[in-house]
Amino acid sequence: MAVQRTFVMVKPDGVRRGLVGEVVSRLERKGLRLTRARMLTVDADLASRHYAEHVGKDFYSDLEAFITSGPVLAMEWEGEEAVEVTRGLMGVTDPKKALPGTIRGDFGLVVTENIVHGSDSPASAERELGLFFG
Ligand code: DAT
Ligand code: MG
């Protein structure tokens, strides 16, 4: 077991729908610690850096339009195995398939609009924290 930090973002749909408190509350109740937070609107340049692995895919233009469509809450969270634990609380990428009890499973229906982002590895976490807090 190791203490890790991870990057979590409430996406524009989550902010619009008033789900910031829900997301923060679920991570806090799990025992993770919120260590940094910042509200901002992502522009096309930051979107392409954050989602570099997806640039050029067929869904990227929809993803960029969505992630730049309104303010997001960017956060750093810390705790034991924070990367994997957070991904578990979020549920799988497609909210239709995400299990009830997960954030995406409880609140999402459409794949682009899946409420929350969480880093998929400690290396991704460091890269993404650098983009949003560097
Ligand atoms: P995750 O957000 O679970 O890490 P990802 O990194 O594969 O998933 O994709 C980033 C985001 O892009 C995802 O949250 C929603 C969108 N996305 C992924 N796959 C998609 C697809 N096949 N069609 C439409 N949007 C997709
Ligand atoms: Mg991802």
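Bear in mind the structure is a predicted one, so any value in this text is a computation, not a measurement. Heads up: numbering here begins at 1 and tracks the sequence. Order of appearance sets the numbers: ligands from 1, and atoms from 1 within every ligand.
- Under the 4.5 Å side-chain heavy-atom criterion for ILVMFWY residues, no single connected hydrophobic cluster contains both Leu40 and Met75.
- Between Asp13 atom CG and Leu19 atom CG the span is 8.0 Å, to the nearest 0.5 Å.
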Under 3.5 Å, side-chain donor or acceptor atoms of residues 110-118 against the rest of the protein: list the pairs with distances, not counting sequence neighbours.
| from | atom 1 | to | atom 2 | distance (Å) |
| --- | --- | --- | --- | --- |
| Asn114 | OD1 | Lys11 | NZ | 2.7 |
| Asn114 | ND2 | Thr93 | O | 3.1 |
| Asn114 | ND2 | Val111 | O | 3.4 |
| His117 | NE2 | Glu128 | OE1 | 2.9 |

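- Looking only at side-chain heavy atoms (C-beta outward), Val72 and Thr41 stay at 4.5 Å or farther from each other.
- The residues lining ligand 1, counting any heavy atom closer than 4.0 Å, are Lys11, Tyr51, His54, Phe59, Leu63, Arg87, Thr93, Arg104, Val111, Thr112, Asn114.
- Taking the six-membered ring wherever Trp is involved, the centroid distance between the rings of Tyr51 and Tyr60 does not fall below 6.0 Å.
- A donor and an acceptor atom, one from each side chain of Ser119 and Arg87, are nowhere located under 3.5 Å apart.
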